[in-house]
Amino acid sequence: DGGITQSPKYLFRKEGQNVTLSCEQNLNHDAMYWYRQDPGQGLRLIYYSQIVNDFQKGDIAEGYSVSREKKESFPLTVTSAQKNPTAFYLCASSISEYSNQPQHFGDGTRLSIL
Amino acid sequence: GNSVTQMEGPVTLSEEAFLTINCTYTATGYPSLFWYVQYPGEGLQLLLKATKADDKGSNKGFEATYRKETTSFHLEKGSVQVSDSAVYFCALWDRKEAAGNKLTFGGGTRVLVKP
């Protein structure tokens with residue numbers, strides 16, 4: 001079955017450490033997205049990518065970085081510059097940037113600070 | 001810019017009760033509207049959508065009608081079950097928004113159905 005796989009499900013980070021969250025999709029979608037979800041709040045867009053080797057900042061990109069070297073992969077790095085990284089991170093994909101077709105979501109990665 | 005406003009939860013109700021979750025939006029263009037559901041510990045799943053005014057989206061007993069005149073997309077279900085306990089997100093996609101298939105989400109409404 002096609003879908004989006006995020007790993008790991010739970011991740012712990014020490015102060016001053018960078019960590020990378022994995023997101024892989026086999027839906028052949030062009031566009032991919034990273035969202036951050038804080039308790040009791042909605043989703044905020046961190047970064048998105050419309051095609052391979054291209055990505056744009058979302059609303060809260062500071063302290064994060066991404067790459068899009070392959071169509072199926074869109075890893076997110078939470079850097080030490082992100083002062084409050086504890087959150088639930090969701091990856092999503094959609095057919096293309098021009099479509100109003102819905103985004104498909106992974107099951108998320110919960111990041112906590114040790 | 002675009003925005004989505006949902007009623008704050010939590011909404012607590014008994015099994016077989018009627019559920020309504022209000023959602024209103026502001027958009028510069030003619031958006032498509034979505035309801036997503038998030039079960040505990042999981043990602044979001046699309047529940048239903050509507051792409052133009054007066055469209056009605058429906059799925060799993062849930063319905064929502066795109067009301068352009070009131071800029072609303074309220075979610076309803078006539079008889080809820082315990083398994084409907086989840087967080088529900090209203091979202092919009094507007095072609096006139098900045099590049100990319102960017103969704104604008106509401107804050108989410110937690111629903112708890114008690115047996």
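Lettering follows sequence order; numbering is per chain, from 1.
With a 4.5 angstrom heavy-atom cutoff, L43(A) touches chain B via backbone and side-chain atoms both. When heavy atoms are compared at a cutoff of 4.5 Å, L46(B) approaches chain A solely by way of its side chain, counted from C-beta outward. For Y39(B), no part sits under 4.5 Å from any heavy atom of chain A, backbone or side chain. With a 4.5 angstrom heavy-atom cutoff, Q38(B) touches chain A only via side-chain atoms.
When ring centroids are compared, F74(A) and Y33(A) stay outside the 6.0 Å threshold. Aromatic ring centres of Y88(B) and F62(B): separated by under 6.0 Å. Side-chain rings of F105(B) and Y35(A) approach one another, their centers coming within less than 6.0 Å.
A donor-acceptor contact closer than 3.5 angstrom is absent between the side chains of E24(A) and Q6(A). No hydrogens or angles considered: a donor-acceptor pair under 3.5 Å links the side chains of T26(B) and S3(B).
For the set R110(A), R44(A), Q37(A), the entry with the most heavy-atom pairs within less than 4.5 Å of chain B is Q37(A).
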